[in-house]
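Here is the naming used below: chain letters follow the sequence lines, and residue numbers restart at 1 for every chain.
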Amino acid sequence: MNLLEKLDASAAARIALLPNGIGAFGIPIEEVYSATEARIGDRRVLLLGTNNYLGLTFAPECIRAAHEAIDKEGTGTTGSRMANGSYSGHRALEREFADFYQCSFGMVFTTGYQANLGTISGLVGPGDTVLIDGDSHASIYDGCILSGADIIRFKHNDMADMEKRLRRLGDRVETTMIIAEGIYSMLGDQAPLAEIVKLKNTYGGTLLLDEAHSLGVLGETGQGLVEKTGLLQEVDFITGTFSKSLCSIGGYCVSNHPQLEQLRYVSHPYIFTASPSPATIASTRAALELLRKGSHLRKQLWRNCTQLYAQLKEAGYTLGPDPGPVIAAMLDTPQQALLLWQNLLEHNIYVNLILPPAAPEGKSLVRCSVNAAHTTEQITYVGDTFSKLHKLVCSYN
Amino acid sequence: MTESNYDEIMQLLCDRLGSLTNSESQVTPETNLISQLSIDSIKLLNLIMEIEDTFDVSIPINALTDIQTVRELADLVYKIKSAS
């Protein structure tokens, strides 16, 4: 088998999932009408598969800030942060993130993926250890691989399992980074942060928490799980993304450890890439301001999450353990999940389809992402449609 | 570590891999994990956690990069167990 033929097996598996010609992965969205509606093909669909948790993609403040930045500074920086790509806006956003988390230091990365890649690979290296939750996002796995550190997994959110593995590390725990996520992207459940902190304080280690899905969603001011649990000061490094609640693209890391600043000189994913565009930085700054003051948005978001979670549960679907903006229906087979996904689209509802091995425990997922801009009527329609399709889907073999 | 420990590791791997893959043919030390068993990455990672618990060792998942056969996997576990 030559180099390119190795890809043929995965291509064949993907094509087998397209019996009616509709591609579930990378489906083109032709027009976006609002934070909740778009056109796919000739259908006007409800968007239940975006990470637009606060519904700010069309916030006038963000759009105006982006326009002004383009007019003043152009479309791109054309260079890395290390060279010509550090504008005053990048520095200002870093200060604003540090201030938001009451931390001394903040860094901005070009994508959320690179925030994890660059932070992890900059802080740990060969001879060190990373202890990560088994359901960690690919950016965490890839950051760990890039670091060259020894990678040890613990069972998802299983604190007895984590403790066992921490204990086994012995003295190596001094050079160990523990990594967890505020909200996990597959099932929408939250890390048991209080227990993780307790284990860290008992055994040692440095703790990194990825708030990608929890920023804007948890806590009074939207800091994430650290705020909800009151454990901000116990977490050594916090990473996150601009591409969910902040509705742009980019990522951040904040910390009280001055060593974070050294990443600017050693972290390849930070150094060897162009910096975020002026428009991206400007809209992110405006969105961060809205997020901090957005307790009314969080209230609406949680009303929507609670309603849809209850409707899907009542309809008989197996869901993740916690209600939240990520609500995943777990199906036994990829065929059932695809059938549900296709039928939802025929009812003008767009959701995400996730198949093994990307989904945990060998399940297939039909994942909804709820946002604050969804109306009660829209959520009710989605819940009712799921309910109507339950029998059809679950009887399909 | 003794030869019996190595045999124990090998036996456990063959038994567990056989049940994980539902393969018709018997799993032997020379069986290739990918081309013959078609074991997916998640199943392999979960098996590693199980082995860690059985032998009370830490097995970094990046040490699996060069592992192709059941024997190579047994050698890795044996090496780590011997050093612990």
So which part of A/Ile145 gets closer than 4.5 Å to some heavy atom of chain B, the side chain, the backbone, both or neither? neither

Of all of B/Asp56, B/Ile59, B/Ile42, B/Val57, which one pairs up most often with chain A through heavy atoms under 4.5 Å apart? B/Asp56

So which of B/Asn46, B/Asn62, B/Thr65 has the largest heavy-atom pair count under 4.5 angstrom toward chain A? B/Asn62

Considering only heavy atoms, which portion of B/Ile48 lies under 4.5 Å from any heavy atom of chain A: side chain, backbone, both, or neither? neither

Give a yes or no answer on whether the side chain of A/Asp150 reaches the backbone of B/Pro60 with a donor-acceptor pair at less than 3.5 Å. no

Answer yes or no: is there a side-chain heavy-atom contact under 4.5 Å between B/Met49 and A/Arg165? yes

Can you measure from CZ (A/Arg153) to CD1 (B/Ile61) and round to the nearest 0.5 angstrom? 6.0 Å

Give me the contact list for residues 166-174 of chain A versus chain B, heavy atoms only, anything under 4.5 Å, ordered by residue number. A/Arg167, A/Arg168, A/Leu169

Would you indicate whether A/Lys155, at its atom NZ, is surrounded by more than 12 heavy atoms from other residues, nucleotides or ligands within a distance under 6.0 Å? no

